[in-house]
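The chains referred to below are lettered A, B, ... by the order of the sequence lines, with proteins before strands, and numbering in each begins at 1. All values below were derived from every heavy atom in this structure, side-chain atoms included, with hydrogens, water molecules and symmetry-related copies excluded.
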There are 2 protein chains.
Amino acid sequence: MAKRRATISDVAKLAGVSIATVSRVVNGTAPVAEETVRRVRDAITTLGYTPHAAARKLAGRETGTLGVLLPEVAAEFFFPLVRGIAEEVRNAGYDLLIHVASSGQESSLSTPLGEHNTDGLLIFTGRLNDEEITRLYNSGCPLVLLYRSPPDNLPIPYVMFENKKGARDLIDHVITVHGRRRIAFLRGPEGNEDSEWRERGYREALEKNGIPFDADLVGMGGFDADIARETVESWLIDGLDFDAIFAGDDEAAMGVMAALRHAGKKVPDDVAVMGFDDINSAKLMAPPLTTVRAPIEAAAAGAAQALLAQINGKEPPHQLRYPTQVIIRQSCGCPDTSSPKMTAS
Amino acid sequence: MAKRRATISDVAKLAGVSIATVSRVVNGTAPVAEETVRRVRDAITTLGYTPHAAARKLAGRETGTLGVLLPEVAAEFFFPLVRGIAEEVRNAGYDLLIHVASSGQESSLSTPLGEHNTDGLLIFTGRLNDEEITRLYNSGCPLVLLYRSPPDNLPIPYVMFENKKGARDLIDHVITVHGRRRIAFLRGPEGNEDSEWRERGYREALEKNGIPFDADLVGMGGFDADIARETVESWLIDGLDFDAIFAGDDEAAMGVMAALRHAGKKVPDDVAVMGFDDINSAKLMAPPLTTVRAPIEAAAAGAAQALLAQINGKEPPHQLRYPTQVIIRQSCGCPDTSSPKMTAS
DNA sequence: GCGTTTTCTGTAAGCGCTTTCATCATAGCA
DNA sequence: TGCTATGATGAAAGCGCTTACAGAAAACGC
């Protein structure tokens with residue numbers, strides 16, 4: 001096995017042409033005689049030649065790579081997200097560079113990511129603070145923000161869900177249909193915009209139904225099962241009175257259910273539980289989770305498209321807003337309408 | 001805002017030195033006078049200079065990038081996996097290129113990934129068939145396989161879990177402790193080695209306890225909640241007799257529980273359910289899932305280390321085997337030993 | 001049949017960086 | 001004082017590729 005890999009000149013030599021011609025047939029950037037194309041193609045396959053990415057990037061202008069910045073946390077909804085992005089990016093012939101923000105680092109100043117290594121960046125992390133985003137923006141790096149709005153009203157495209165409407169409809173449902181009035185809310189991570197909008201929707205629904213907002217009923221869920229569980233457990237110990245919990249997202253809802261179950265509370269009889277996102281396991285929970293469907297994959301794909309458009313000099317939409325939809329299952333108290341049971345329990 | 005980014009020569013000019021010197025202070029590859037270092041540093045900051053990755057790669061030998069090949073499927077256990085890899089890779093100063101195998105493509109021949117764009121590849125996909133792996137191996141690309149052994153006994157390092165032992169211990173538990181004898185098994189995806197070893201462990205436990213193997217009790221779980229659910233539902237319709245289900249993995253276990261619950265079967269009273277992996281939501285299921293812990297993140301980190309070692313010319317271990325551990329919760333029938341309930345239901 | 005396109009192909013100039021190699025002070029040592 | 005290690009720096013050669021630019025051959029128009 002040859003250790004050294006074939007370069008464009010090897011191919012050129014074998015095919016008896018110049019490297020420029022090889023480059024042309026590889027990229028199809030100029031007309032090449034049919035016969036020549038064949039010879040070059042042959043040479044390429046016999047040599048197993050693959051263009052060297054770095055060289056290509058250096059010579060051309062683009063890097064052919066898109067970067068994604070992710071927070072360290074591993075939530076289930078990351079995968080549809082990454083999948084949506086990956087799909088789009090691959091179709092456009094780009095590579096995907098994923099940077100998982102390190103836990104320790106305040107900002108990603110340490111990582112020389114972006115700017116030079118990628119043609120553009122999809123940013124999904126609260127860690128990358130405003131200054132960092134501003135810096136990247138000023139450096140001219142094409143950016144698209146996921147689930148957060150740009151700092152200082154910078155004209156950076158961003159994607160968002162209709163969080164407020166989804167949350168409002170959801171809460172309205174448990175109030176009007178199930179008569180719940182002591183509805184708790186679990187906030188997401190500090191500064192998370194999705195959470196802020198969901199809280200707004202929650203409050204609107206309360207207000208609309210004449211239920212006063214009670215700050216005691218708001219706690220930290222962190223969009224995380226374990227955090228949510230702890231919060232609910234401490235509420236239970238404190239004897240807080242509630243008959244429903246809007247967990248902020250589905251992960252947290254899972255933690256909420258575990259806490260409730262562990263304390264002997266029945267869902268939804270004693271406490272209704274609602275999530276947000278409609279992750280895959282939502283329908284598998286016991287009871288199946290009433291939640292709001294967020295088209296995560298589609299939104300991610302949209303973000304990738306916006307970035308690609310931007311890179312190609314097109315004007316991307318300033319904001320992409322994806323609709324959400326309430327998904328009624330049983331954790332809110334609604335009956336199971338799916339196929340009948342086999343056995344009476 | 002300057003549109004064009006600063007290059008090394010800009011820095012050199014500003015600092016009044018040669019580009020070689022700038023390179024030296026940036027990389028610390030040779031002694032530079034203190035005063036000069038200061039001047040260069042200043043120039044770098046005022047210019048906001050960041051070395052261009054591609055150029056660096058071209059000039060140096062390495063690309064500074066590691067690739068990961070993932071199948072399209074999005075399972076929850078991917079995240080610890082990616083996290084483990086990302087962490088390790090970042091610590092080593094490499095970038096991570098993630099390729100999600102496309103659904104349609106037979107092999108990844110279409111993607112020019114690997115070889116040239118990365119210094120090495122972590123492969124976790126059954127899609128990339130043996131020939132493709134062989135091809136990559138022959139091309140001299142450093143490789144590490146995740147959760148599968150190399151084709152044709154090629155000396156490619158790979159990481160594995162002690163699947164057989166974990167499964168054996170787990171099944172032995174429900175047999176000896178809970179007296180189950182009609183234990184079903186849900187296989188993972190076709191050709192999945194983890195699944196094969198788990199099945200072997202399952203059979204060994206059966207044999208050890210004098211229970212004959214019954215092919216009817218083996219079905220397809222696909223390591224997927226929905227597939228597992230369907231299988232169990234059809235078993236239920238067929239009236240198959242079983243008192244325990246080893247779901248193959250935790251995702252499938254989730255589907256199994258949903259099917260059982262939906263049919264009015266009690267877990268674990270009517271049917272014990274066991275998973276494998278101990279994903280985060282395992283402990284949150286109702287009832288909490290008895291499973292086998294696989295150190296996914298550690299294994300992924302180990303794989304990354306092995307790849308890095310290989311790239312740096314060190315001899316990587318041929319095989320990395322990670323121990324597994326049975327995690328007893330309540331889905332097998334064991335009592336809940338955690339903190340007491342707050343309320344009697 | 002001669003100027004003019006049109007096709008095809010080669011030459012060569014970088015892209016921004018790393019890295020010998022050579023240079024030139026200094027400093028060390030006899 | 002003379003000669004060599006040593007430290008600090010610059011000049012320049014690429015890394016593998018893209019892409020003007022230009023030349024040569026073939027096709028076209030009148």
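- Between B:Glu35 and B:Arg39, at least one side-chain N (NZ, or NE/NH1/NH2) sits under 4.0 Å from a carboxylate O, which counts as a salt bridge.
- Remark: of the listed residues B:Glu193, B:His318, B:Gln319, B:Gln319 is the sole one forming a side chain to side chain donor-acceptor pair (under 3.5 Å) with B:Tyr158.
- If you take CZ of A:Arg24 and P of C:dT7, they are 14 Å apart, rounded to a whole angstrom.
- The side chain of A:Ala55 lies closest to D:dG16 when the candidates are D:dT19, D:dC15, D:dG16.
- The separation between B:Leu58 atom CG and C:dG14 atom P is 17 Å, rounded to whole Å.
- Checking side-chain atoms of B:Asn192 against main-chain N and O of B:Asp194 turns up a donor-acceptor pair under 3.5 Å.
- Side-chain nitrogen and oxygen atoms of B:Ser9 include none within less than 4.0 Å of the OP1 or OP2 phosphate oxygen of C:dG16.
- Residue B:Glu34 places its CD atom among 12 or fewer non-hydrogen atoms of other residues, nucleotides or ligands, all under 6.0 Å distant.
- Proximity note for B:Ile8 (side chain, C-beta onward) versus C:dG16, D:dT9, D:dG16: the nearest is C:dG16.
- Atom-to-atom, CZ of B:Arg56 to C1' of C:dG16 comes out at 11 Å; the value is rounded to the nearest Å.
- Using a 4.0 Å cut-off, some side-chain N or O of B:Ser18 falls inside it from OP1 or OP2 of D:dG10.
- As rounded to whole Å, 13 Å separates atom C1' of C:dG16 from atom NZ of B:Lys13.
- B:Val22 comes within 4.0 angstrom of no nucleic acid atom, judged by non-hydrogen atoms across all strands.
- In this structure a side-chain-to-backbone donor-acceptor pair under 3.5 Å is present from B:Thr134 to B:Asp130.
- Among the heavy atoms of the strands lying under 4.0 Å from B:Thr21 are primed sugar atoms or P, OP1, OP2 only; no base atom is included.
- Note on A:Ser23: a side-chain N or O is less than 4.0 Å away from OP1 or OP2 of D:dT18.
- Taking atom CZ of residue B:Arg39 and atom C1' of nucleotide D:dA8, one finds them 12 Å apart after rounding to whole Å.
- With rounding to whole Å, A:Glu35 atom CD is found 18 Å from D:dA25 atom P.
- Backbone-only engagement by B:Ala33 is indicated by non-hydrogen atom pairs under 4.0 Å involving sugar-phosphate atoms exclusively.
- Both B:Ile19 and A:Val32 lie near DNA chain C, and the one whose nearest nucleotide falls closer to the 5' end is A:Val32.
- Distance B:Asp10 CG to C:dC15 P: 11 Å, rounded to the nearest Å.
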